[in-house]
Asker: 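Starting off with a structure, shown below.
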Amino acid sequence: MKTISILGCGWFGLAFAKKLVESGYEVKGSSTSPEKLSLLTDEKIKPYLVNFTSEKIIADAEFFETDALFICIPPKRNSAELNSYPQKIEAILTASKHKAKQVILISSTSVYGDENQIVNEQSATLPDTDSGKVVLAAEEILKESLPHHFTIIRFAGLIGPNRNPGRFFAGKTDVPNGLAPVNLIHQTDAIGIASAILKKQGFGRIYNACSPDHPTKKAFYTAAAYTTGLIEPRFIEEKRDWKIVESLNVPEFLDYDFQVAL
């Protein structure tokens, strides 16, 4: 594979694109903002202005002519646009049909509800949030469009540069569910897993991308606040509404070793 298109050069997409450029790929990157195109050019990413709604996409067709298209546009939570997310994915798939050789959808572990159990790629998807429901609907559209070679990466909560988890609960008291396990992944490992799919040609599967470390909310967020000099939160010592996200496919098909411990 030589040419990679990344639809959505946001926090993850831009970092991933920069890593691919370093690895020798020709990278096409999209933004909805004309002001950001010069940033992509500076990073040696070929820039494309792509705007889309649930009805249509305004874009240069050349963007979709690629060996692999990564769709990196998460739904906008608490937004009037949330429910139109699956239709946007459908419009993107229509635009890329017969152009992109492989399509990889960046999804979320929110497709699993908090059923108080360990889940993996073979587990039932029972989302209990609105964002989880629309993400699952988008996955189903991808499966219907590419029934024999769809690829989905379900990221756990993303942390890393400019996403300091110490700020999430800093200074708060009586935070519920303190003994529940966390499901997170550092940007380094998110990029590593996406890169491994390209390197291993690991297309046609669903991958849960989540750190194998699952400290409690209390332990993780208290330590995160302390190490960044913030006021430590106070948690209620209880465990309810939880899950532990594991992966069968990442170790079996990608042979990936996580780089960042929680």
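Since the model is a prediction, treat every value here as computed from it, not as a measurement.
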Asker: Can you tell me if CD1 on Ile231 sees more than 12 non-hydrogen neighbours from other groups inside 6.0 Å?
Answerer: no
Asker: Let me check something: do Phe70 and Leu93 share a hydrophobic cluster, defined by ILVMFWY side-chain heavy atoms less than 4.5 Å apart, either directly or through other members?
Answerer: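 Different clusters: Phe70 never reaches Leu93 through Ile, Leu, Val, Met, Phe, Trp or Tyr contacts under 4.5 Å.
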Asker: Do Ser247 and Glu121 have a side chain donor and acceptor closer than 3.5 Å?
Answerer: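 Glu121 and Ser247 do have a side-chain donor-acceptor pair below 3.5 Å.
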Asker: Is the backbone of Leu262 close enough, under 3.5 Å, to the side chain of Asp213 for a donor and an acceptor to pair up by distance?
Answerer: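 A pair under 3.5 Å: yes.
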Asker: Can you tell me how far apart SG (Cys210) and CD1 (Ile193) are? Round to the nearest 0.5 Å.
Answerer: 9.0 Å
Asker: State whether the number of non-hydrogen atoms from other residues, nucleotides or ligands found under 6.0 Å of Arg163 atom CZ is greater than 12.
Answerer: yes
Asker: For Glu232 and Thr222, which I'm curious about, is there any donor-acceptor pair between the side chains at under 3.5 Å?
Answerer: no
Asker: Any donor-acceptor pair under 3.5 Å linking the side chain of Ser145 with the backbone of Ile141?
Answerer: no
Asker: Quick test of your reading of the model: are Glu81 and Lys88 salt-bridged, counting only N-O distances below 4.0 Å?
Answerer: yes
Asker: Keeping the roles fixed (side chain from Tyr85, backbone from Ile73), state whether a donor-acceptor pair exists under 3.5 Å.
Answerer: yes
Asker: In this structure, would Phe150 and Leu248 fall into the same cluster of hydrophobic residues linked by side-chain contacts under 4.5 Å?
Answerer: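 Different hydrophobic clusters.
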Asker: Within the supplied structure, the quantity of interest is the number of heavy atoms (other residues, nucleotides, ligands) at a distance under 6.0 Å from Lys36 NZ; does it exceed 12?
Answerer: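 More than 12 within 6.0 Å, yes.
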Asker: Between Thr129 (side chain) and Gly132 (backbone), is there a donor-acceptor pair under 3.5 Å?
Answerer: yes
Asker: How close do Asn249 and Ile206 get, heavy atom to heavy atom, and via which atoms?
Answerer: ND2-O, 2.7 Å
Asker: Let me confirm one number: the CG-CG distance from Leu198 to Leu20, rounded to the nearest 0.5 Å.
Answerer: 6.0 Å
Asker: Would you indicate whether Arg167, at its atom CZ, is surrounded by more than 12 heavy atoms from other residues, nucleotides or ligands within a distance under 6.0 Å?
Answerer: no
Asker: Measure from the side-chain N and O atoms of Asp128 to the backbone N and O of Asp114, and report whether any donor-acceptor pair falls under 3.5 Å.
Answerer: yes
Asker: Please assess Thr188 against Gln259 for the test side-chain hydrogen bond (donor to acceptor under 3.5 Å, both in side chains), listing each intermediate value before the final yes or no.
Answerer: CA-CA 7 Å; Thr188 297; Gln259 304 300 304; over 6 Å; no
Asker: Is the closest side-chain heavy-atom distance between Gln187 and Ile159 below 4.5 Å?
Answerer: no
Asker: Between Phe220 and Pro215, which heavy-atom pair has the shortest distance, and what is it?
Answerer: CB-CG, 3.9 Å
Asker: Just by modelled atom types, is the Pro176 backbone N or O under 3.5 Å from a matching donor or acceptor in the Lys217 side chain?
Answerer: yes
Asker: Are the side chain of Thr3 and the backbone of Asp67 linked by a donor-acceptor contact shorter than 3.5 Å?
Answerer: no
Asker: Using the rule that Ile, Leu, Val, Met, Phe, Trp and Tyr join whenever any side-chain heavy atoms are under 4.5 Å apart, tell me whether Val50 and Ile45 fall into a single cluster.
Answerer: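 The answer is no; the residues belong to distinct hydrophobic clusters.
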Asker: Apply the test side chain to side chain contact (heavy atoms under 4.5 Å, CB included) to residues Met1 and Gln102: give CA-CA distance (whole Å), side-chain angles for both, the deciding distance (0.1 Å), then the verdict.
Answerer: CA-CA 10 Å; Met1 290 202 151; Gln102 298 289 343; 3.6 Å; yes
Asker: State, with a plain yes or no, whether a side-chain heavy atom of Leu39 is found less than 4.5 Å away from one of Leu14.
Answerer: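 A side-chain contact exists here, since the closest heavy-atom pair is under 4.5 Å.
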Asker: Can you tell me which residue among Thr125, Asn120, Asn208 is in a side-chain hydrogen bond (donor to acceptor under 3.5 Å, both in side chains) with Tyr112?
Answerer: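 The option that passes is Asn208.
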Asker: Closest approach of Ala95 and Ile57, non-hydrogen atoms and distance?
Answerer: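 Looking at all heavy atoms of both residues, the shortest contact is CB-CD1, 4.0 Å.
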Asker: Working to the nearest 0.5 Å, report the span between OG of Ser211 and NE2 of His186.
Answerer: 10.5 Å
Asker: Please work out which of the three classes, parallel, tilted or perpendicular, describes the rings of Phe16 and Phe12, given edges at 30° and 60°.
Answerer: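 Rings of Phe12 and Phe16: parallel, under 30°.
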Asker: Which heavy atom of Ala156 sits nearest to which heavy atom of Thr109, and what is that distance?
Answerer: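 Taking Ala156 first and Thr109 second, the nearest heavy atoms are CA-OG1, 3.4 Å.
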Asker: Ignoring hydrogens, what is the shortest heavy-atom contact between Asn116 and Arg240? Give both atom names and the distance.
Answerer: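 In terms of heavy atoms, the two residues are closest at OD1-C, 4.2 Å.
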Asker: Report, as yes or no, whether the 6.0 Å neighbourhood of atom CG on Asp42 holds more than 12 heavy atoms from other residues, nucleotides or ligands.
Answerer: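 Buried by this count: over 12 neighbours within 6.0 Å.
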Asker: Could you check if a side-chain atom of Asp174 sits within less than 4.5 angstrom of a side-chain atom of Arg234, using non-hydrogen atoms only?
Answerer: no
Asker: Where do Ala190 and Ile185 come nearest, in terms of heavy atoms and distance?
Answerer: N-CD1, 3.7 Å
Asker: For the side chain of Trp11 and the backbone of Gly160, is there at least one donor-acceptor N/O pair under 3.5 Å apart?
Answerer: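 Not at all, since once roles are kept as given, no pair shorter than 3.5 Å links the two residues.
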Asker: Are the side chain of Thr66 and the backbone N or O of Ser5 linked by a donor-acceptor pair below 3.5 Å?
Answerer: yes
Asker: Would you say NZ of Lys218 has more than 12 non-hydrogen atoms from neighbouring residues, nucleotides or ligands within 6.0 angstrom?
Answerer: no
Asker: Do side-chain atoms of Thr216 reach the backbone of Ala219 as a donor and acceptor pair under 3.5 angstrom?
Answerer: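 The answer is yes, because a donor-acceptor pair under 3.5 Å joins these two groups.
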Asker: Find the distance between CZ (Phe155) and CG (Asp189) and round it off to the nearest 0.5 Å.
Answerer: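 These two atoms lie 10.0 Å from each other.
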Asker: Is it true that Ile153 and Ile6 fall in one hydrophobic cluster, defined by side-chain heavy atoms closer than 4.5 Å?
Answerer: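 The answer is yes; both residues are in one hydrophobic cluster.
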Asker: With the side chain counted from C-beta on, respond yes when His149 and Phe203 share a heavy-atom pair under 4.5 Å apart, and no when they do not.
Answerer: no
Asker: Would you check, one step at a time, whether the test side chain to side chain contact (heavy atoms under 4.5 Å, CB included) holds for Phe52 with Leu7?
Answerer: CA-CA 11 Å; Phe52 47 83; Leu7 181 66; 4.2 Å; yes
Asker: Are any non-hydrogen side-chain atoms of Val134 and Asn83 less than 4.5 angstrom apart?
Answerer: yes
Asker: Would you check if Arg154 and Ser107 make a side-chain contact, meaning some heavy-atom pair closer than 4.5 Å?
Answerer: yes
Asker: Give a yes or no on whether the ring-centroid distance for Phe235 and Phe169 is below 6.0 angstrom.
Answerer: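 Yes.
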Asker: Going from OH on Tyr48 to NZ on Lys28, what distance comes out if it is rounded to the nearest 0.5 angstrom?
Answerer: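 It is 4.5 Å, given to the nearest 0.5 Å.
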Asker: Quick one: does Leu142's side chain get under 4.5 Å of Val103's, heavy atoms only?
Answerer: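 In contact.
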Asker: Do Thr32 and Leu49 come close enough that some side-chain heavy atom pair is under 4.5 Å?
Answerer: no
Asker: If you draw a 6.0 Å radius around NZ in Lys101, do more than 12 non-hydrogen atoms from other residues or ligands fall strictly inside?
Answerer: no
Asker: Could you tell me whether Lys44 atom NZ has more than 12 heavy atoms of other residues or ligands within 6.0 Å of it?
Answerer: no
Asker: Has Arg205 got its NZ or CZ under 6.0 Å from the middle of the six-membered ring of Phe253, at an angle within 45 degrees of the ring axis?
Answerer: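 That pair qualifies as a cation-pi contact.
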Asker: What about Ile71 and Leu82, same hydrophobic cluster or not, with Ile/Leu/Val/Met/Phe/Trp/Tyr joined at side-chain heavy-atom distances under 4.5 Å?
Answerer: yes
Asker: When rounded to the nearest 0.5 angstrom, what is the spacing between CD1 in Ile118 and CD in Glu246?
Answerer: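 Between atom CD1 of Ile118 and atom CD of Glu246 there are 4.5 Å.
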Asker: Kindly determine whether Glu26 and Lys2 satisfy side chain to side chain contact (heavy atoms under 4.5 Å, CB included), including the steps that lead there.
Answerer: CA-CA 6 Å; Glu26 177 188 341; Lys2 296 180 180 180; 5.8 Å; no
Asker: Would you check, one step at a time, whether the test side chain to side chain contact (heavy atoms under 4.5 Å, CB included) holds for Tyr207 with Ile197?
Answerer: CA-CA 10 Å; Tyr207 296 95; Ile197 291 173; 3.7 Å; yes
